[in-house]
Amino acid sequence: MAAAQGRLSDGAGGMDDEKEGERDTGSTEPPAFQAAVQALRTSRLRPQIEVEPTRAPQRLAPHAYALEAAVVDGDQDLADGRLVLLHDPDGHDAWRGSFRLVTLVRAELEPEMAADPLLPEVCWSWLTGALSARGLAFGEPSGTVTRASSHYFGGLSERPPASQIEIRASWTPREGLGGVPDTAAHLTAWCDLLAQVAGLPPAGPGDASVVTLPQRRGPQSR
């Protein structure tokens, strides 16, 4: 699986170095955090999306858990990303809560689509729309949408130009009974975003209004 690389730092909880080491979600973790992580581990997702645990950052919050995912077509990745769950039992002023979700999502695009001046606003609306479509309450959303283009020269000149979109964001999920957010639903919404960026059709009748990204670049070799 192609891991999403990068760092989020929006002042409200970013993604730190993925090589810091994965935290143990054992009996020493707060019960609310254990429940939130268990919900992530047992979520059922659409078959085109492969999800697995990965190393979580250590310096952003007392407790953290991370997943990486790829939208897969055969042996090729259409999009990939990383989702990090942060928890501070004492709460965090910037989060306005004790939990925070942080993400990086990326996909390759056709250069013509990447040049669309409305693309950043559209991609950000996909994130907030995916959460709202699942009926999820959330607060303090922040993030960036970045377009990057690569042109090849010399020995690499035969390669066509490549463009990539990255969505980096974080938000505070509303906490439910026992102070536990519905992390399974947030993971499902995040996977909706991944699928949308990858250009997959809506997962079901309830997602019929989703507009997928047109003219995206073909699948990337894994």
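- Atom OG1 in Thr188 sits 12.5 Å away from atom CG in Leu193 (nearest 0.5 Å).
- Across Ala195 and Val71, no two heavy atoms sit closer than the pair N-CG2, 4.2 Å.
- Annotation for Leu177: hydrophobic cluster partners, listed by chain and number, are none (ILVMFWY side-chain heavy atoms under 4.5 Å, direct or chained).
- Considering every non-hydrogen atom in both Ala64 and Pro57, the closest pair reads CB-O, 3.3 Å.
- We find the CD-OG distance between Glu108 and Ser163 to be 8.0 Å, quoted to the nearest 0.5 Å.
- Thr103 places a side-chain heavy atom less than 4.5 Å from the side chain of Trp171.
- Remark: Leu67 CG to Arg41 CZ distance equals 9.0 Å, nearest 0.5 Å.
- Taking the side chain as every heavy atom from C-beta outward, Asp80 and Glu68 never approach each other to under 4.5 Å.
- Under the 30°/60° scheme for interplanar angles, the aromatic rings of Phe33 and His63 are found to be tilted.
- Taking every heavy atom of both residues into account, Gly97 and Thr172 meet most closely at CA-CG2, 4.2 Å.
- Residues forming a side-chain contact (heavy atoms from CB on, under 4.5 Å) with Ser43 (at least two apart in sequence, or on another chain): Leu45, Ala184, Leu187.
- Between Asp88 and Trp95 the shortest side-chain heavy-atom distance falls below 4.5 Å.
- With sequence neighbours left out, the side-chain contact (heavy atoms from CB on, under 4.5 Å) criterion links Pro31 to no other residue.
- Applying the salt bridge (charged side-chain N to carboxylate O under 4.0 Å, His left out) rule to Arg96 yields the partners Glu140; only residues at least two apart in sequence or on another chain are considered.
- Within the 3.5 Å criterion, the main-chain N or O of Val122 finds a donor-acceptor partner in the side chain of Ser125.
- For the pair Ser142/Ser170, a side-chain contact is recorded, criterion being any heavy-atom separation below 4.5 Å from C-beta on.
- Between the side chain of Arg147 and the backbone N or O of Asp116, at least one donor-acceptor pair lies under 3.5 Å.
- The side-chain heavy atoms of Val51 and Leu83, taken from C-beta on, include no pair separated by under 4.5 Å.
- Side-chain contact check for Phe138 versus Leu101: every heavy-atom pair is 4.5 Å or farther apart.
- Distance alone, capped at 3.5 Å, places no donor-acceptor pair between the His87 side chain and the Pro62 backbone.
- Atom CG of Leu131 is separated from atom NE2 of His186 by 6.5 Å, given to the nearest 0.5 angstrom.
- Atom OH of residue Tyr65 and atom CD of residue Gln38 lie 9.0 Å apart, to the nearest 0.5 angstrom.
- In plain terms, the two heavy atoms of Leu194 and Ala79 that are nearest each other are O-CB, 4.1 Å.
- Applying the side-chain contact (heavy atoms from CB on, under 4.5 Å) rule to Ala35 yields the partners Val180; only residues at least two apart in sequence or on another chain are considered.
- We find the CH2-CZ distance between Trp190 and Arg82 to be 9.0 Å, quoted to the nearest 0.5 Å.
- In this structure, the side chains of Leu60 and Arg100 stay at 4.5 Å or more apart for every pair of heavy atoms.
- The two atoms that bring Arg134 and Ala189 nearest to each other are CG-CB, 3.8 Å, heavy atoms only.
- Annotation for Trp124 and Val145: closest pair N-CG2, 4.0 Å, computed over non-hydrogen atoms.
- Scanning for side-chain contact (heavy atoms from CB on, under 4.5 Å) contacts around Glu121 gives an empty result, with sequence neighbours left out.
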